[in-house]
Each structure stands twice: as C-alpha cells, then as structure tokens.
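These notes concern the structure reproduced below.
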Amino acid sequence: MIEFQNLRKVYKSSGQQVTALDGINLTISKGEIFGVIGFSGAGKSSLIRCVNLLERPTSGKVIIDGHELTSLPVKKIREVKKNIGMVFQHFNLLNSKTVFANVAMPLTLAKVDKAQIKKRVHELLEFVGLADKADYHPDQLSGGQKQRVGIARALATQPSILLCDEATSALDPQTTSSILQLLKKINQEYKITILIITHEMSVIREICDKVAVIEGGKIIEEGSVFDVFSAPKTATARNFVSTVMNDQLPESINNLIQKQAGSQRIFRINFVGTSAGQPLLSEIAKKFDVHLNVLFGNITELQGVPFGNLIVEFQGEDKEVLRALTYINEKKISIKEVSAYAS
Amino acid sequence: MLVNSEQIIEALIETIQMVAFSLLFSVLLGLPLGILLVVTRKGHLIENLAVFNVLNGVINIFRSVPFIILLVAMIPVTRFIVGTSIGTTAAIVPLVFYAGPYIARLVENSLLEVEPGVIEAAEAMGATPWQIITKFLLPEALSSLVLALTIATIGLVGASAMAGAVGGGGIGDLAITYGYQRFDTITMFITVAILVVIVQGLQSFGNFAAKKIRRR
C-alpha cells in the first residue's frame with residue numbers, strides 16, 4: 001500500500017520557487033493498478049519519484065506498507081527500495097552490460113549468490129518473453145524489448161510495488177499495448193501494486209483500476225476508471241476522456257443537421273454495462289411513432305464492461321418523442337438532449 | 001648524424017619508462033579526483049560543495065602552469081619524494097603533477113556523459129554511492145575513459161620531451177639537444193619520426209580498445 005499525506009514538493013531554482021506538488025493526499029491499495037494522469041508539468045513525475053524518494057518531499061508523508069519513508073535513515077530507505085521496482089520512460093538500462101547482467105543487477109547489489117541469480121534471471125526473462133536475448137546488449141534490442149528488460153529488472157527482487165514512470169510513452173501504439181498487457185499479467189500473477197504515471201488516457205483505459213487526475217500539483221479528480229470515464233467532473237478529466245472517447249459530433253454531421261431544419265431533436269444516450277446489450281433503438285422504433293437516425297456512436301470497454309454513447313436523432317411528433325423518452329427513462333438508461341446541435 | 005642507434009634505443013626506453021610510470025601514478029591520482037569532481041558536485045551522489053570547489057580550484061591551478069615551469073618549480077618536491085631532482089625517475093614526479101589533474105578533468109568529462117537516468121535507476125534499486133560508482137558509472141563510461149587515457153598518454157609523451165630540462169632523457173630530449181640545439185637535422189628527423197610512430201600507435205590502440213569495449 002502506498003499512502004501520501006499532505007505531500008508537498010517545492011523546487012528552488014535561482015531564487016524562484018516552483019510548487020510541483022501542492023498537498024497531495026492519495027491512497028493506493030494493495031494489488032491495485034493505479035494510474036495518475038496529467039499534462040506535462042502537472043507534477044505527476046515528482047509524485048511518482050517521491051514514492052521511492054528519488055525526490056525528497058518538501059513536507060508531508062510517504063507511507064509504504066506502514067513505513068513512513070521520509071523519517072527513515074538512509075540505510076533503511078535502501079532496504080525499502082528493494083521492495084519497490086521502477087520502470088522508466090527511457091528504460092535506463094546499462095548499455096555496457098548484457099540483458100542478463102542488467103536484469104541481474106538488483107540481485108548483484110543485494111549480494112545474492114550467483115547460482116540463485118542465474119535461476120531468477122532466466123525465470124524473469126522467460127516471463128517477459130526474452131529468454132533468447134540473455135546475451136544481447138540493450139542497443140541490439142527494439143524499444144519494446146528494452147522496456148521488457150527494464151520490467152524484468154524491476155521485478156528481480158520480487159517487489160510488492162512497481163512504479164511505471166511514463167513506461168510506454170516512448171513506444172509505438174502496438175508495443176505500448178503489449179507492454180500494458182505484460183504489466184497486467186504481472187499485477188494478476190504476482191499481486192503487485194502498480195502505480196502508473198502517464199499523459200495517455202488510453203493507458204489508463206487499458207489497464208488501470210483507479211485513476212487520479214493531477215493538475216497544478218493537486219489531485220483534482222479521483223475514482224474508479226469506470227466512474228471517471230463515464231462521468232468526468234472536471235474540465236481536465238473531460239478533456240482526457242475525450243482523447244480516447246470521442247463524443248463530439250463531427251463537423252460534417254453537424255452541418256447536415258443544420259441544413260434540414262424540422263422537428264427533429266437530438267439526444268445522447270449513454271450505454272453502460274448490461275444496457276449496452278439491449279436492442280433499445282429497435283424497441284423504440286417499433287413501440288412509438290418515431291424515426292430514429294443514429295448520427296454518431298462510440299462503444300468501448302472499460303475494465304471488462306462495455307461502455308459507450310450514441311447520438312441519435314428523433315424525428316416525430318412531440319407527443320410521441322416524449323413517450324419514447326419516458327420509456328427510456330424507465331429503463332434507467334441515461335439520455336440527454338444535445339441542445340447545442342438542435343437549432 | 002651526431003647520435004648512434006644505441007643512444008636512440010636507450011632514449012626510447014627512457015621515454016617508455018617515463019610515460020609508463022607517470023601514466024600509472026597519474027591515473028592513481030587523477031581517477032579518484034575525477035570521480036570526486038563528479039560525485040561531490042551539486043545534486044550528485046555525495047554532494048559536498050566545499051570539497052568540489054577546493055578540488056576544482058586546485059586542479060585548475062595545476063592545469064594552468066606551463067609544464068616547463070612546473071618542472072622546475074617541482075624540484076624541491078621531487079627531491080623530497082625520490083631523493084634526487086635529476087634523471088628519468090626524477091622527471092616522473094612533475095609529469096604526474098602535470099598529467100594527474102589533466103586526467104582528473106578527462107575522467108570528470110567521461111563520467112558526466114553517462115546518462116543521468118542510469119544513476120536514477122541505480123538509486124531506485126537502492127544502490128549505495130560506492131556501488132553506483134563502481135557498478136554503474138565506471139562501466140558505462142569505460143569506453144570513453146579509454147579514449148581519455150589515450151589522450152592523456154599522448155600528452156605525456158609530449159611533456160616527457162621537456163623532461164630533458166632535468167636530465168630526464170628520452171626521445172624528445174634527444175630531439176631537442178641534438179636535433180634542435182646542434183642543428184643535427186637527421187637526428188631531428190629520426191627522433192620526430194619515432195615520436196610520430198609512438199603517437200600513431202597509441203591512438204590506434206586506444207581507438208581499437210574503446211571500440212572493442214563499446215562493441216560495434
């Protein structure tokens with residue numbers, strides 16, 4: 001478990017003070033994949049680096065599995081760090097050493113005996129799918145492979161926490177996806193708590209259980225990934241959600257509607273979980289005297305639950321449209337009129 | 001020609017002795033100093049600005065004194081360390097004081113080239129400062145260190161030529177006393193040619209070794 005209590009970090013450079021973290025309170029439970037998302041400069045990097053004290057917080061507490069880190073002596077902190085693996089955006093591998101030696105490094109530092117290191121490293125390389133690359137050097141590997149080495153290295157000492165600092169930001173989308181799947185597998189097989197820092201909402205969507213949005217050194221929104229995606233409260237969160245869940249009408253469709261003035265009304269219908277499986281639209285078309293025209297739609301999956309929205313044009317007499325709306329409301333499906341488009 | 005081949009061979013051996021021993025001691029002096037220059041600077045492993053500033057200043061002072069002056073100025077120190085102030089052995093002392101600080105700077109440069117991310121990864125693993133230096137910084141900088149030492153060695157070959165001023169002998173001394181001062185053009189040519197071969201050989205070897213370490 002990771003807990004931040006009123007964490008503050010202020011940088012002083014040439015007389016100027018920059019507040020990177022401004023009173024962060026956050027609890028990351030054991031076994032969770034927790035994502036922190038923010039624009040660059042929001043303080044997310046400072047936050048993750050406070051977990052293993054790569055940055056010393058100016059004030060506040062960092063509590064890892066019951067230990068308050070900032071008050072521990074340096075020696076004890078080094079011990080705690082062996083329980084926290086870290087994966088970096090630019091991999092930070094030793095180019096002078098082989099893949100094997102890189103992965104073995106944390107064990108070598110801990111003075112584990114050679115035979116045991118050998119066994120463990122091969123086990124790790126097998127796990128990340130690089131069993132055949134043990135004798136390669138990092139510069140002979142692709143970005144995704146390098147990150148797999150980074151992950152294997154981070155797992156060497158069997159940590160209970162894994163920190164991912166923009167671990168996929170230097171990778172192409174396909175490689176990103178495969179690395180995220182690997183992280184998920186680690187979380188499931190080893191029950192490791194994973195803290196991910198990213199600026200890509202797709203990363204959060206793909207593997208996180210919970211998400212916190214950070215802005216100006218503060219957590220401005222926090223919740224399950226499902227809640228934040230389906231009902232983002234802050235403008236920044238909405239902004240991030242819209243990067244992966246486009247729910248704005250495209251310009252061309254908008255223009256089309258503007259042209260055919262008439263009695264049509266446009267609604268946004270949100271589908272969540274089981275409701276996504278219901279043949280709602282055809283039911284309405286049969287029961288009521290309305291014509292339905294799907295203008296735009298987006299269905300995705302969040303933590304294994306289907307989620308999406310449709311923008312639908314209702315054509316018909318007011319009375320019939322109203323009846324249809326009542327019917328939808330009864331079914332507890334969220335529907336909202338998109339007034340901006342109906343002129 | 002005023003010199004015979006035996007004199008040249010003798011001078012060659014003296015040069016090799018001077019360069020080899022002064023290189024050895026210069027590295028023993030310069031490598032730790034170079035490492036200290038890196039790790040005591042602001043924000044580094046064992047930040048200590050007092051140590052850094054003193055070291056930085058002292059190294060600059062030694063680096064700014066022309067070698068021929070250092071050679072003479074060091075005479076009392078040389079006499080104290082090796083018991084005499086003339087001869088090949090005596091020349092090694094000022095050469096070490098010349099090349100040591102130079103190597104410290106070169107080492108500093110090489111170590112600063114190591115990706116800060118590598119040090120960060122080491123810190124995240126809970127490595128001690130000593131472990132970070134020996135298992136991360138030095139191995140990562142090794143190839144660049146070899147090139148730096150090649151430069152230092154060639155510098156020593158050049159500086160050792162002036163060691164004739166304290167009776168140090170060597171190829172350079174031969175070139176100056178016979179070739180330059182007595183207008184013996186052939187000796188001048190031969191000695192310079194030997195120096196060229198030495199420098200070429202050292203540089204090629206350094207490049208080869210650095211490449212071997214870096215692979216591909």
Side-chain angles (χ1 to χ4, degrees), chain A residues 11-13 45 48-49 51-56 74-98 101-111 135-140 146 149-150 153-157 159 161-166 170, chain B residues 31 34-35 38-49 106-107 109-150 206-216:
Chain A
Y11 294 100
K12 285 181 196 125
S13 70
S45 249
I48 201 169
R49 292 157 58 88
V51 178
N52 57 1
L53 295 197
L54 284 181
E55 304 262 14
R56 280 218 160 244
V74 176
K75 252 190 154 167
K76 192 83 180 74
I77 290 173
R78 286 196 193 113
E79 283 307 306
V80 175
K81 279 179 179 174
K82 298 210 188 327
N83 194 31
I84 307 173
M86 190 165 191
V87 180
F88 303 87
Q89 178 176 6
H90 298 294
F91 327 123
N92 295 352
L93 300 174
L94 286 141
N95 287 316
S96 59
K97 300 209 186 301
T98 61
N102 268 288
V103 177
M105 191 50 101
L107 301 167
T108 314
L109 295 179
K111 303 194 169 64
D135 297 327
Y136 282 53
H137 278 76
D139 56 4
Q140 295 167 297
K146 282 183 197 168
V149 176
R153 179 176 72 174
L155 294 177
T157 49
I161 293 170
L162 183 65
L163 305 175
C164 301
D165 187 4
E166 298 273 8
Chain B
L31 186 63
I35 293 170
V38 171
V39 297
T40 58
R41 68 180 48 218
K42 197 167 161 39
H44 221 285
L45 295 179
I46 45 169
E47 178 180 318
N48 188 329
L49 293 184
L106 290 168
V107 168
N109 260 327
S110 294
L111 295 188
L112 286 178
E113 275 169 30
V114 175
E115 287 282 338
V118 168
I119 301 168
E120 198 165 78
E123 283 182 327
M125 284 177 211
T128 61
W130 178 250
Q131 285 176 324
I132 295 178
I133 293 167
T134 56
K135 294 197 183 295
F136 293 81
L137 275 180
L138 290 177
E140 279 297 278
L142 192 59
S143 165
S144 149
L145 283 172
V146 166
L147 286 178
L149 283 191
T150 307
N207 290 347
F208 171 76
K211 206 171 165 189
K212 253 291 196 253
I213 292 163
R214 194 169 282 159
R215 309 159 308 103
R216 296 190 295 140

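Each chain gets a letter, A, B and so on, in the order the sequences are listed, and its residues count up from 1.
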Revision key, fill the gap. Note: B:Gln131 and A:Leu109 closest approach over all heavy atoms is NE2-O, 3.2 Å

Review point. Chain B: which of A:Gly85, A:Ala156, A:Pro106 shares the most heavy-atom pairs with it under 4.5 Å?
Key: A:Pro106

Point to revise | Part of A:Asn52 lying under 4.5 Å from any heavy atom of chain B | key: side chain

Check your understanding: How about B:Met125 and A:Arg153: do any of their side-chain heavy atoms sit closer than 4.5 Å?
Key -> yes

Point to revise | Pair A:Met86-B:Glu120, side-chain contact (heavy atoms from CB on, under 4.5 Å): steps then yes or no | key: CA-CA 10 Å; A:Met86 190 165 191; B:Glu120 198 165 78; 5.7 Å; no

**Study point:** B:Thr128, part contacting chain A, at a heavy-atom distance under 4.5 Å
**Key:** both

Check your understanding: Which distance, rounded to the nearest 0.5 Å, do you find between the CZ of B:Arg214 and the NE2 of A:His137?
Key -> 12.5 Å

Review point. Any idea which heavy atoms bring B:Ala124 and A:Phe88 closest together, and the distance?
Key: CB-CZ, 4.1 Å

Review point. When only pairs under 4.5 Å are counted, which of B:Ala122, B:Pro139, B:Pro116 shares the most heavy-atom pairs with chain A?
Key: B:Pro139

Check your understanding: Under 4.5 Å, heavy atom to heavy atom, which residues of residues 75-83 of chain A contact chain B?
Key -> A:Arg78, A:Lys81, A:Lys82

Practice item. Counting only heavy atoms closer than 4.5 Å, note whether B:Glu140 contacts chain A via side chain, backbone, both or neither. Key: both

Review point. Should we count CZ of B:Phe208 as having more than 12 external heavy atoms under 6.0 Å?
Key: no

Point to revise | Engaged part of A:Ile84 at the chain B interface, taking heavy atoms whose separation is under 4.5 Å | key: backbone

Exercise for review: Kindly check if the number of other-residue, nucleotide or ligand heavy atoms within 6.0 Å of NZ (A:Lys146) is above 12?
Suggested key: yes

